[in-house]
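Single-structure report; data block below.
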Amino acid sequence: MVANILRLFQIPQISYASTAPELSDDRRYDFFSRVVPPDSFQAQAMVDIIRALGWSYVSTIASEGSYGEKGVEAFTQLSKEAGGICIAQSLKIPHNPKLEDYDKAIQQLLETQHSRAVIIFASEEDIRGVLNATKRANQVGHFLWIGSDSWGAKSSPIHQLEDVAVGAVTILPKRSSIEGFDEYFTALTLENNRRNVWFAEFWEENFDCRLLSASKREDTSRKCTGQERIGIDSKYEQEGKVQFVIDAVYAMAHALHNMQRDLCPDHPGVCPQMETAEGKTLLKYIRNTSFNGSAGTSVVFNKNGDAPGRYDLFQFQMTNSSTPEYKAVGQWVETLQLRLEELQWPDGEQEVPISVCSLPCKTGERKKRVKGMPCCWHCELCDGYQYQYDETSCRLCAYNMRPNPNRTACQPIPIVKLEWHSPWAIIPVFLAMLGIIATIFVMATFVRYNDTPIVRASGRELSYVLLTGIFLCYIITFLMIAKPDVAVCAFRRIFLGLGMCISYAALLTKTNRIYRIFEQGKQTVTAPRFISPTSQIAITSSLICVQLLGVLVWFAVDPPNTIVDYDEQKTINPMLARGVLKCDITDLQIICSLGYSILLMVTCTIYAIKTRDVPEDFNEAKPIGFTMYTTCIVWLAFIPIFFGTAQSAEKLYIQTTTLTISMNLSASVALGMLYMPKVYIIIFHPELNVQKRKRSFKAVVTAATMSSRLSQKPNERPNGEAKTELCENPAADPMSKTVTCKTIKSTKLVRPI
């Protein structure tokens, strides 16, 4: 009837058929099949399924021809628009394929192992071929199939291949069985359905027999009797698209009815306006048609002339009876409704299998994408002091920060200082405490026996100054280990070089005094200037003031402050990095602060060398010399250790410990060599601590001069004689001015023959 109407309007049927898609290679429909959802809706449903399952790397297989190629093309285009889905392999099964073609397709799919999901737009024959090839390749359970409506919920494509198809998700347009159609169709015979020119071909295919008249079948010799009955002598299941064919006829009928009503309002039947109407006019009415279809659902068309997409989603699953079957798991009606909890997967997997090009990067790793493949990337660790800023980039933490353990953010670097319980601090503190106790003991002994001959002969004033310097050398240990703050840093600057400066200023004054006495004694017996105790204290104080003046300038130029040094212990492993809380004092400033004291020490050592020939019983010349030699050795060892560890991660500890131990040793050497012998005599041998008749400085100097002259040759001495002047001082104090001298003329020495 519809065909007669088309001829009446002279509308070419092909103009509509060209707009209708081929639903499969072996089942073609005319333009009425526009009521069947097109490939774009089916492809969109597949894209939504893949995204819901979290897959991003999939392959496609298409049968060569309009159905398969257009379906894959639509899927590819929609996946690009959706984003996040990449095509690993896009394969095509040729017409009349061989087994090798299917095997080759499976081998190509296996080249991208991580792409387990496979989209199939193929005929039933090609679906079976792909599943068989999968089984031959021993890859049962590897691939995750997403089948189009050509697979649907049919059993024929997977017959005897159920184990390969387990887990497959398939799509089928929503359909309903049309009541009354089964009775009508099963009652059709060759006699009562002669109007359908294709019914005889269907009869031969359905009953696997051959009709006598113009049969095209050559693969069977069985003859059809005509008495066969559909559903009795063959399997019968209502075709799923029956409702769409019926709705297509109704759509045409509604369109013609509306067209006649508009163009022929006062004319029953077809009027001249309808006879001259173009196909575009009829198409317009078809697209504007809407009605309730045969299944009770509304039939409408979009701007492209397509009916809305409505799909049922199935998964081929193993049931409790171990018999696999299709199970409805959701639907797609413009949006996806998928019941994920009802899905089952091959090999009993509980979680949704993955089909991705690259596994997700671990925390703290960034994605380095593969060019041209947005779904593929390499994971690179944010190393060093970098943290993961976003999924594709790392950023460097601030100088006082380090990445947290999972490198997702930065956290403050812990701040440390030299602790009292550290082994680096225990040793110098122990030495300093022993030194302080010994210094206090010596000082107390000298105060207690202040008027005894040994204490007086030592030069009491300079002795107390020297003991004060030694005490400060020990005290600086505690300032160097204490927690840095402005006050501690200020005291460090003051006392760092002050203790040594006081000690070596006193020793330098002593050695200089001895040197001047003996040098002048070689020329005259007159006592040098500035050798009195008051003069010695003044000289020592002047030398100390130079150090204090330098410290004051330092305070003015660079006020004391604390800093946190993050570079000193910035290790390769950020977890070991530490910020060091310390005073704002550089290595160069430390050396400059100690430099003046070292200069005094070197000068004192030079004088000690010059006075090495002084008689042993003259004051402290030789003990001072031994003290300075030992001290120089200590500080010569200190310098390479101090600067050699400047790049060490333990710099703070090594340098602080080295500096404090060096100062402790210097103080201990002076204390031990200059004072311990005297304390020993004062305490354990008081009988030796008595006033004795001593020669004055002049007598000693004259004696030393005479010894020097006696060592000359006889012919170099005037008349071969030697004179000396012996001076006696009845007082114990060498500073006494009451001196009695007499001249002794030596016997003329004759050079032996």
Side-chain angles (χ1 to χ4, degrees), residues 360-368 378-429 476-493 496 554-555 557-593 641-661:
C361 292
K362 300 176 182 178
T363 54
E365 295 179 340
R366 74 178 184 93
K367 294 179 181 178
K368 185 178 181 182
H378 302 295
C379 295
E380 290 186 351
L381 179 66
C382 296
D383 58 356
Y385 287 81
Q386 294 181 328
Y387 71 100
Q388 184 182 1
Y389 179 71
D390 54 32
E391 66 175 13
T392 60
S393 63
C394 300
R395 287 195 177 180
L396 192 65
C397 291
Y399 77 98
N400 60 341
M401 307 284 280
R402 69 179 183 184
N404 58 15
N406 57 12
R407 293 184 177 271
T408 56
C410 292
Q411 63 184 14
I413 295 177
I415 298 175
V416 298
K417 65 177 186 65
L418 184 56
E419 301 291 344
W420 293 102
H421 56 76
S422 169
W424 296 101
I426 291 175
I427 295 175
V429 167
I476 191 63
T477 298
F478 299 94
L479 290 175
M480 297 299 294
I481 297 175
K483 181 179 180 181
D485 56 33
V486 175
V488 170
C489 293
F491 282 118
R492 281 189 189 179
R493 292 190 181 189
L496 180 60
W554 189 6
F555 274 108
V557 175
D558 184 16
N561 193 14
T562 59
I563 61 170
V564 178
D565 189 347
Y566 292 98
D567 295 326
E568 184 172 314
Q569 293 193 22
K570 206 159 194 177
T571 57
I572 296 177
N573 183 0
M575 293 298 103
L576 302 178
R578 298 292 184 270
V580 179
L581 176 64
K582 61 183 183 179
C583 292
D584 189 11
I585 304 176
T586 64
D587 294 347
L588 180 60
Q589 290 173 333
I590 291 176
I591 295 301
C592 289
S593 179
I641 295 174
F642 187 85
F643 287 101
T645 58
Q647 304 301 323
S648 172
E650 304 291 336
K651 172 184 174 182
L652 170 70
Y653 310 127
I654 296 176
Q655 290 189 343
T656 302
T657 302
T658 303
L659 177 60
T660 53
I661 288 180

Original post:
With a cut-off of 6.0 Å (strictly less than), are more than 12 heavy atoms of other residues, nucleotides or ligands near CZ of Phe491?
Top reply: no

Subject >> Audit row: Tyr653, Val416, side chain to side chain contact (heavy atoms under 4.5 Å, CB included) steps and yes/no >> reply: CA-CA 11 Å; Tyr653 310 127; Val416 298; 3.9 Å; yes

Subject >> Rounded distance (nearest 0.5 Å) linking atom CG of Asn406 with atom NZ of Lys362 >> reply: 13.0 Å

Original post:
Hey, does Thr363 have a side-chain heavy atom less than 4.5 Å from the side chain of Arg407?
Top reply: no

**OP:** Please report the C-alpha distance between Ile426 and Ser422 in whole Å, then the side-chain angles of each, then the deciding distance to 0.1 Å, and finally whether the side chain to side chain contact (heavy atoms under 4.5 Å, CB included) criterion is met.
**Re:** CA-CA 6 Å; Ile426 291 175; Ser422 169; over 6 Å; no

Subject >> Verdict with supporting geometry, Val580 and Lys417, side chain to side chain contact (heavy atoms under 4.5 Å, CB included) >> reply: CA-CA 6 Å; Val580 179; Lys417 65 177 186 65; over 6 Å; no

Original post:
Between Tyr399 and Ile413, what is the shortest heavy-atom contact and its length?
Top reply: O-CD1, 3.9 Å

Subject >> Shortest non-hydrogen separation from Pro403 to Cys397 and the atoms involved >> reply: N-SG, 3.6 Å

**OP:** Measure the shortest side-chain to side-chain distance between Arg492 and Pro484 over non-hydrogen atoms and say whether it is less than 4.5 angstrom.
**Re:** yes

**OP:** Take Thr571 and Asn573 through the side chain to side chain donor-acceptor pair (under 3.5 Å) test and state the conclusion after the steps.
**Re:** CA-CA 5 Å; Thr571 57; Asn573 183 0; 6.0 Å; no

**OP:** Find the distance between CD (Glu391) and SG (Cys379) and round it off to the nearest 0.5 Å.
**Re:** 10.5 Å

**OP:** Check whether more than 12 heavy atoms from other residues, nucleotides or ligands sit under 6.0 Å from atom OH of Tyr389, and answer yes or no.
**Re:** no

Original post:
What distance separates Asp565 CG from Cys583 SG, expressed to the nearest 0.5 Å?
Top reply: 12.5 Å

**OP:** Looking only at non-hydrogen atoms, find the nearest pair between Arg366 and Cys394 and report the distance.
**Re:** CD-SG, 3.6 Å

Subject >> Heavy-atom pair with the smallest gap, counting every atom of Trp424 and Thr657 >> reply: O-OG1, 2.7 Å

**OP:** Kindly check if the number of other-residue, nucleotide or ligand heavy atoms within 6.0 Å of CD1 (Ile427) is above 12?
**Re:** no

Original post:
Pro428 and Ile661: which non-hydrogen atoms are nearest, and at how many Å?
Top reply: CB-CG1, 4.1 Å

**OP:** For the residue pair Asp587 and Gln655, establish whether any side-chain heavy-atom pair is separated by less than 4.5 Å.
**Re:** yes

Original post:
Taking the side chain as C-beta and beyond, is there a heavy-atom pair between Cys592 and Trp554 under 4.5 Å?
Top reply: no

Original post:
With a 4.5 Å heavy-atom cut-off, do Phe478 and Val429 have their side chains touching?
Top reply: yes

Subject >> Student check: side-chain heavy atoms of Arg402 and Pro414 closer than 4.5 Å >> reply: yes

Original post:
Between Asn561, Ile563, Thr562, which is the residue that forms a side chain to side chain contact (heavy atoms under 4.5 Å, CB included) with Cys489?
Top reply: Thr562

**OP:** Under the side chain to side chain contact (heavy atoms under 4.5 Å, CB included) rule, what do Met401 and Tyr387 come out as? Steps first, then yes or no, please.
**Re:** CA-CA 11 Å; Met401 307 284 280; Tyr387 71 100; over 6 Å; no

Original post:
So do Gln589 and Asp558 actually touch side chain to side chain, heavy atoms under 4.5 Å?
Top reply: yes

Original post:
Any idea which heavy atoms bring Val488 and Lys483 closest together, and the distance?
Top reply: CG2-O, 3.6 Å

Original post:
How about Arg578 and Tyr566: do any of their side-chain heavy atoms sit closer than 4.5 Å?
Top reply: no

Original post:
Any side-chain donor-acceptor pair under 3.5 Å between Thr392 and Asp390?
Top reply: yes

